[in-house]
Each structure stands twice: as C-alpha cells, then as structure tokens.
2 protein chains.
Amino acid sequence: MAKFVKAKNCSACPYRSYSLSKLKEKDVDLIQNSCLIVMFKRGENICKQGTEVTHALYLAKGSVKLYIEGKNKNLILKIINERKYIGLQSLFGGGIYNYTVTALEDVQVCMINANIILDLAKKNAEYLFELTKTLSDSTNFVYKKIFDINQKQLRGRLADVLLYFSEEIYKNSIFELKLNRRELAEFSAMSMENAVRILAEYRKDGIIELDGRKFTIKQPDILRKIGELG
Amino acid sequence: MAKFVKAKNCSACPYRSYSLSKLKEKDVDLIQNSCLIVMFKRGENICKQGTEVTHALYLAKGSVKLYIEGKNKNLILKIINERKYIGLQSLFGGGIYNYTVTALEDVQVCMINANIILDLAKKNAEYLFELTKTLSDSTNFVYKKIFDINQKQLRGRLADVLLYFSEEIYKNSIFELKLNRRELAEFSAMSMENAVRILAEYRKDGIIELDGRKFTIKQPDILRKIGELG
DNA sequence: TTAAAACATTGTTGTATATCAATATTTTAC
DNA sequence: GTAAAATATTGATATACAACAATGTTTTAA
C-alpha cells in the first residue's frame, strides 16, 4: 500500500478544495482530523470497481484515470485533475464503486471517512451545493461521452479526444500526454491498434505532430471538423 | 403546447416528491406557488436537447424517455417513472439540456421555476441531500449503461434490457411495454432491425413469448446468462 | 370503409472495427 | 550494459453490426 501522512493544516493547504470555503472552521477541523494524505505512484489503484465506499476521495495533486473494467477491455470515462473530488456519485449513491480509479502519475489523495463528509453535507447546504454542482458537471461530461461513443466513429472520437486534451486539460497546442497508447485508446473507446493507426493518419495529413507522448496540434480546425462530422 | 393548471395542494398530492418532507411548510408553499402542472401526450417533448434550463421538472404521473438525439439515431439513456425528478444534473450543472425528454404516455409534469428550487437547495441541506442522492443513483445507472454499450454485444444488451423491464420497472414476468420496437432498439443501443431479429430468436428458443408489445419472460435465467456473457 | 401512414418483420449486402500476427522501439531491471 | 519486458507500429483477416430493400401488419384518419 501507498505511503500516507496525517493532514496538518487543510485551511492553508495550497491544494484545498474550494468547497472548504463554505465550511466553518470547526468543520474543516473535523475533516482535517479524519483526513489521511495518501501518496500513490503511477499505476496504483486509488479505488477499485466492486469494493465498498468507505472514504471520500479528494485528489489534491496529480491526475488520475477513472475507468470501467471489462472482461477484455477497459473504458476510461474521465481524467480527473488536481483539486477535484473523485467519485462523489458513489459517496452519495450506491456505496459500491462501479469503476476503478488509477494514478496516471505520482499523486496525493486525501481520504476522509465517508460519514464525516456525508454528515457535514446533511447539515451544511452551501457546502453540499458546491459538491452537487461538481457532481452534476461530471454527470454531464459522461453524458457527452456516451453520445460520442454511440454516434461517432473512430476518427471523430479520436479527434474530439485530442482537442479535449489540447483545449481543456493542457490548454496548449503542444502537450506531453500522461496516457500511453493503450490508455488513449481506452479513453477514445477503440482498440489500441486503431488509435495508433489514426494518429499516424493525422500525422501524415499534417494535422498533428507526434514524438512519443509529445503531441502538437497543428490544425485544430480540421480536428474540429472531423469531430463534428463524426 | 400542452394543457396546464396551477398546483393547488402539493403537501396533500398523492404524487408528491419524498423530498418535500424535508421542507418547511412555507417552503412547500413557495414551490406550490410557482408550480404549474403540465399535461403532455405521448410523443410530446418535455424538454429539448440544446435548450436552456429554466424550470425544475418533476414527473408526477406517467413515464418518459430521456434520450440523446443524434444525426441518424437516438440513444435512450433511461426511462423515468412517476414521482421522480427529471434531469437534476442539468438544473445543478450546465444550464443547457444535453438530452431530450419525451412522454411515453399521457403524463403530468410539475414545472417549478429553477431558481426557486436552487435557492431552497442552497438553504436546506436535508432537502438538497435527498436530491443529490437521486442524482447520484441516476449517474450510477448511466455508468452501467455506458459499460453495457461498450462491453457487450447485441444479444447481451437486449437480454439485459428485457430483464431490466421485467425486474426493475414492471416487476413481473409478463408486461406490456410502453416502447415500440424502435424505442426498444434505441434503449438497447442497436438498430431497430436487429432488435426485432433478436427478439425473434429469443422467441424461437422459447426464452420469451411475444404478442406485439406484450412480453412474457419464460426463462429469465437464460437471459441473465446471455447478459453476463455479453 | 378505405386509403394512407406508421410500425414490424425478414433477407441481403457492405463496411467499420476488432482481432490476430509480426516486427520495431522504448523502458525497466539486474 | 545487456537481457527482458513493456510499449508501439503496421499489415492482413474475420466479423458483428448497420444500412438497404422488400413485404407484411397494424393503426390512424377522413
């Protein structure tokens, strides 16, 4: 298991959640007292599909993938970046994770006893409202994903994913992807071979440049067109 | 547009939401004063993909389909039954519907000004907690759906859908489906022709009996096996 | 009551995509 | 620094599925 330390000063933490601003000092202390900061290395599981939800998981630092494990292939639903809660719908919903979350690099995760967060949420509407907003946004994102999978074909899906990384995640036309080819494929809902093949097509057509995991988006408008056409 | 009447007595309404029990009387009155009960006929849209969220939508009576509209085909994500909110993630999230909701039969929908619900939610944690729970359950359901679409093939998906209707919705091995063949296909993420074909297979194999929209599940265990194998 | 429209069914064909296979390249570990 | 393992790439093959087409059946409407 990964290393961990006790949280010392959540209020002053540079990675603290915005939602903490909605809590009174004593409630932040309540969280802090229960909070363990756990360090995970790339590839380590932060939570596992099929297991019980015992803690609220807050990603303080780093990025992780949230994916559904299947028999032969996985489907990455989203990449979660620092200063975001992981899997609020499992905390408020079922009680069993129906997905696995794995570190894409070395990350710090704050683990807080689930009941402490749930109790605070039941008492503090402003705090819960913040959490519900992010939960809703996340649900909307997944709806969009489902749409893409169902309506678009390979080229359109991959184009969308590349634009997503460039514009939403790295906010740069040049970026060093944290995913390997298999993960990029699992995020685009296709086989790894086809992801590689289509990347090669885009490179030959001068739409992107490639150097391992370093991507350069040369013609975002063409990608956008491909994504729109499906 | 559909007929509507003003709400008269939400507290005593047989179709009232459980979440109302978390509100004070004056807050129920607030909702009631803003609430219009709108009657939709089968096929009428209750909300439309791409439009702005102006009201909270509560399905008092009847059942509706929530689906993503694509260029050529639609994907029904879920069937919502009476006494459930419709699309809370749009209320708390984006502000634009990224799906359309259409009546499957004659339905009654309570429309309440979005800000009234949002303001109540910001002030009343217990109330919001109820809403967040149902929102989370709904998100989990959609996650399961995405998994099915991505991992299973036609026969497995249709088997799952038939079991879902039998066991979750109608709670009976005999049921009269509210969906036509096209809608059944759109809920199972396949073409209408293939849905019909596979139904015929299942009928020939004695797994189900069919008479128009009247379904009889003869061998649920076989369906379960097919669903598990994919 | 009949025409028209919507819905349902079955067979055929084409294609997008996964899978298999072989090889190349990079990373890891001792 | 080399072997081994993981990752990436490219080509060939197989197939699940959508799309097309033709016909039958039920519902709607005048």
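Chain A is the first sequence line, chain B the second, and so forth, proteins listed ahead of strands; every chain is numbered from 1.
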Rounded to whole angstroms, how far apart are [atom1] on [X] and [atom2] on [N]?
{"X": "B/E201", "N": "C/dT9", "atom1": "CD", "atom2": "C1'", "result": "14 Å"}
{"X": "B/K204", "N": "C/dG11", "atom1": "NZ", "atom2": "C1'", "result": "12 Å"}
{"X": "A/R155", "N": "C/dT17", "atom1": "CZ", "atom2": "P", "result": "7 Å"}
{"X": "A/K152", "N": "C/dA16", "atom1": "NZ", "atom2": "P", "result": "17 Å"}
{"X": "A/R42", "N": "D/dA6", "atom1": "CZ", "atom2": "C1'", "result": "12 Å"}
{"X": "B/I149", "N": "D/dA16", "atom1": "CD1", "atom2": "C1'", "result": "16 Å"}
{"X": "B/D211", "N": "D/dT26", "atom1": "CG", "atom2": "C1'", "result": "12 Å"}
{"X": "B/R213", "N": "C/dA8", "atom1": "CZ", "atom2": "C1'", "result": "11 Å"}

Does A/N194 put a side-chain nitrogen or oxygen below 4.0 Å from OP1 or OP2 of C/dA18?
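So the side chain of A/N194 is within the cut-off, an N or O lying under 4.0 Å from OP1 or OP2 of C/dA18.
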
OP1 or OP2 of D/dA8 sitting under 4.0 Å from any side-chain N/O of A/R182?
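For D/dA8, neither OP1 nor OP2 has a side-chain N or O of A/R182 closer than 4.0 Å.
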
State the OG1-CD distance between B/T102 and B/E183, to the nearest 0.5 angstrom.
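It is 8.5 Å, given to the nearest 0.5 Å.
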
Which of these nucleotides, [options], is closest to any side-chain atom of [X]?
{"X": "B/L154", "options": "D/dT9, C/dT10, D/dC17", "answer": "D/dC17"}
{"X": "A/Q153", "options": "D/dC17, C/dT17, D/dT9", "answer": "C/dT17"}
{"X": "A/S191", "options": "D/dT9, C/dA16, C/dT19", "answer": "C/dT19"}
{"X": "A/R157", "options": "C/dT10, C/dT17, D/dT10", "answer": "C/dT17"}

Assess the side chains of B/S90 and B/Y99: does a donor N or O sit below 3.5 Å from an acceptor N or O?
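Note: B/S90 and B/Y99 side chains meet the donor-acceptor criterion.
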
Report which part of the nucleic acid B/M190 touches: base, sugar-phosphate, or nothing (heavy-atom distance under 4.0 Å, all strands).
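Here B/M190 touches the backbone only, sparing every base.
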
Looking at side-chain heavy atoms only, is the closest gap between A/Y202 and A/L210 below 4.5 Å?
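Not in contact.
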
For B/F175 and B/F215, take the angle between the two ring planes, folded into 0 to 90°, and tell me which bin it lands in: parallel under 30, tilted 30 to 60, perpendicular over 60.
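The rings of B/F175 and B/F215 lie parallel, inter-plane angle below 30°.
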
Using a cut-off of 6.0 Å, state whether more than 12 heavy atoms not belonging to A/K8 lie near its atom NZ.
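Result for NZ/A/K8: open.
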
A/E193 (side chain) and C/dC20 (base): donor-acceptor pair under 3.5 Å:
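Checked by distance alone, the answer is yes.
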
Taking for each residue the nucleotide of DNA chain C with the nearest heavy atom, is it B/N180 or B/R197 whose nucleotide lies nearer the 5' end?
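The residue mapped nearer the 5' terminus is B/N180.
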
